[in-house]
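Counting begins at 1 with the first residue of the sequence.
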Amino acid sequence: MKTRTEYLGQLDRLNEHLSRLGEAVVSDINATGRALTQDDEGAGQGVIESHSSTLRLKRSVEDECLTLMLLQNPLASDMRFVTAAFRAVSDLSRIDETAFEIAELNQELRDEKIMPHIAQFGELSARAADMVNQAMDAFIEVNAEEAEQVFAKDDRVDQLYDEVRKHITDVLRQDNNEDAVMSAPEVLMMAKYYERMGDHAQRIADWAIFRATGKYRGRGIGGSE
């Protein structure tokens, strides 16, 4: 009885820690948006300073998954949960890594006083955070229908990225603003990072569907749809 109780406790802890990791990642995405659009230096610095603690939480979730898989011999539905969690945490980690990179790039450009205003960054960060938040809610709540709603939201993120890319292309063609031209590659990279966040959010949504139904379609980065 004690063993069964411990096993259920481990599953609950995994769910809780994965939820905490998702919340931390969403918070970092939103913080990069404030750093970019509100010149909030503290928000960007917070993303950088919290990066190591987020990595520790990620490793904790991975360790819990491996312990459950190797030592507890989970039942089928529990194995789906553990497997999906192990894969979803990889996507969460990549999302947070890109948030960290955005914060560092913004800080670098800000220090050099060549960070141009990009109108789309506020909406990009908000929509990427929303996609990750909804994908994680669907995962934690085992809600396949909510997870399905994530995929349609990616179209707007892609559109915003295309708008930034077009803007950067126009800036490079005009070649009349040396500071904007100098920062163009970094600015475009930050926009691309948000676009990639949306792709990773789709993968998390697919893992949420897998947890709920046992079916995985492999959408998002490298996916078939």
Side-chain angles (χ1 to χ4, degrees), residues 11-33 54-55 57-58 60-62 64-65 68-69 74 76-102 120 122-162 190-225:
L11 291 174
D12 287 342
R13 282 194 300 276
L14 174 57
N15 215 41
E16 178 186 350
H17 290 169
L18 190 63
S19 177
R20 284 174 52 199
L21 178 59
E23 290 170 359
V25 171
V26 170
S27 176
D28 282 345
I29 299 170
N30 283 321
T32 63
T54 305
L55 285 176
L57 184 54
K58 173 229 178 192
S60 174
V61 173
E62 289 175 334
E64 288 168 346
C65 289
L68 282 161
M69 285 189 284
S77 60
D78 294 337
M79 178 59 85
R80 285 207 309 268
F81 165 41
V82 175
T83 302
F86 191 77
R87 299 301 296 271
V89 75
S90 175
D91 287 295
L92 283 171
S93 178
R94 289 175 185 237
I95 292 168
D96 200 65
E97 191 67 34
T98 57
F100 175 78
E101 294 289 343
I102 290 170
Q120 292 85 354
E123 188 178 353
L124 266 172
S125 60
R127 287 185 177 273
D130 177 61
M131 287 180 69
V132 176
N133 187 59
Q134 183 166 7
M136 284 304 301
D137 281 350
F139 191 103
I140 298 301
E141 296 167 7
V142 200
N143 189 330
E145 291 184 2
E146 183 176 6
E148 286 286 359
Q149 297 170 17
V150 173
F151 301 100
K153 295 183 175 183
D154 191 56
D155 290 343
R156 178 56 180 163
V157 174
D158 290 343
Q159 180 183 358
L160 288 165
Y161 169 68
D162 287 339
M190 287 190 282
K192 184 63 177 178
Y193 281 150
Y194 285 121
E195 190 263 344
R196 297 289 278 185
M197 288 178 187
D199 292 339
H200 283 294
Q202 289 182 86
R203 280 170 54 105
I204 295 170
D206 247 341
W207 288 118
I209 293 169
F210 173 77
R211 179 185 181 183
T213 68
K215 297 178 182 179
Y216 180 73
R217 283 173 284 182
R219 292 171 287 187
I221 295 174
S224 59
E225 296 186 20

- Query: In terms of ring plane angle, is the pair Tyr216 and Phe210 parallel, tilted or perpendicular, where the classes change at 30° and 60°?
  - Reply: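 Ring orientation, 0 to 90° scale: perpendicular.
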Salt bridge check, [Y] against [X]: does any charged N sit closer than 4.0 Å to a carboxylate O?
| X | Y | answer |
| --- | --- | --- |
| Lys58 | Glu62 | yes |
| Glu97 | Arg196 | no |
| Glu16 | Arg13 | no |

Please name the pair of heavy atoms, one in [X] and one in [Y], separated by the smallest distance, quoted to 0.1 Å.
| X | Y | value |
| --- | --- | --- |
| Ile204 | Ala135 | CG2-CB, 3.8 Å |
| Gln134 | Glu146 | NE2-O, 3.3 Å |
| Ala84 | Trp207 | CB-O, 3.6 Å |
| Leu92 | Val25 | O-CG2, 3.8 Å |
| Ala24 | Thr54 | CB-OG1, 4.5 Å |
| Asn30 | Ala129 | OD1-CB, 3.3 Å |

- Item | Met136 vs Leu18, side-chain contact (heavy atoms from CB on, under 4.5 Å): CA-CA, chis, key distance, verdict | CA-CA 9 Å; Met136 284 304 301; Leu18 190 63; 3.9 Å; yes
Roughly how far apart are [X] [atom1] and [Y] [atom2], rounded to 0.5 Å?
| X | Y | atom1 | atom2 | answer |
| --- | --- | --- | --- | --- |
| Asp199 | Gln202 | CG | CD | 5.5 Å |
| Ser90 | His200 | OG | NE2 | 7.5 Å |
| Arg87 | Cys65 | CZ | SG | 11.5 Å |
| Ser125 | Asp28 | OG | CG | 12.5 Å |

[X] versus [Y]: any side-chain heavy-atom pair under 4.5 Å?
| X | Y | result |
| --- | --- | --- |
| Leu14 | Val82 | yes |
| Ile95 | Met131 | no |
| Leu11 | Asn15 | no |
| Lys153 | Val150 | no |

- Message: Set out, in order, the CA-CA distance, both residues' side-chain angles and the distance that settles side-chain contact (heavy atoms from CB on, under 4.5 Å) for Val142 and Phe81, then state yes or no.
- Response: CA-CA 9 Å; Val142 200; Phe81 165 41; over 6 Å; no
- Message: Using the rule given for salt bridge (Lys or Arg N to Asp or Glu O under 4.0 Å), can you reason through Arg20 versus Glu23, listing the C-alpha separation, both sets of side-chain angles and the distance that settles it, and then say yes or no?
- Response: CA-CA 5 Å; Arg20 284 174 52 199; Glu23 290 170 359; over 6 Å; no
- Can you list the steps and then say if Glu148 with Arg217 is a salt bridge (Lys or Arg N to Asp or Glu O under 4.0 Å)? CA-CA 11 Å; Glu148 286 286 359; Arg217 283 173 284 182; 2.2 Å; yes
- Between Gln120 and Glu123, is a side-chain contact (heavy atoms from CB on, under 4.5 Å) present by the stated rule, with each step listed? CA-CA 6 Å; Gln120 292 85 354; Glu123 188 178 353; 5.8 Å; no
- Message: As a quick check of understanding, evaluate side-chain contact (heavy atoms from CB on, under 4.5 Å) for Leu21 and Asp96, giving each step before the final call.
- Response: CA-CA 10 Å; Leu21 178 59; Asp96 200 65; over 6 Å; no
- Message: For Ile29, is there any backbone N or O sitting under 3.5 Å from a side-chain donor or acceptor partner on Thr32?
- Response: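 Yes, Thr32 side chain to Ile29 backbone: donor-acceptor pair under 3.5 Å.
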- Donor-acceptor under 3.5 Å (Arg211 side chain, Phe139 main chain): yes
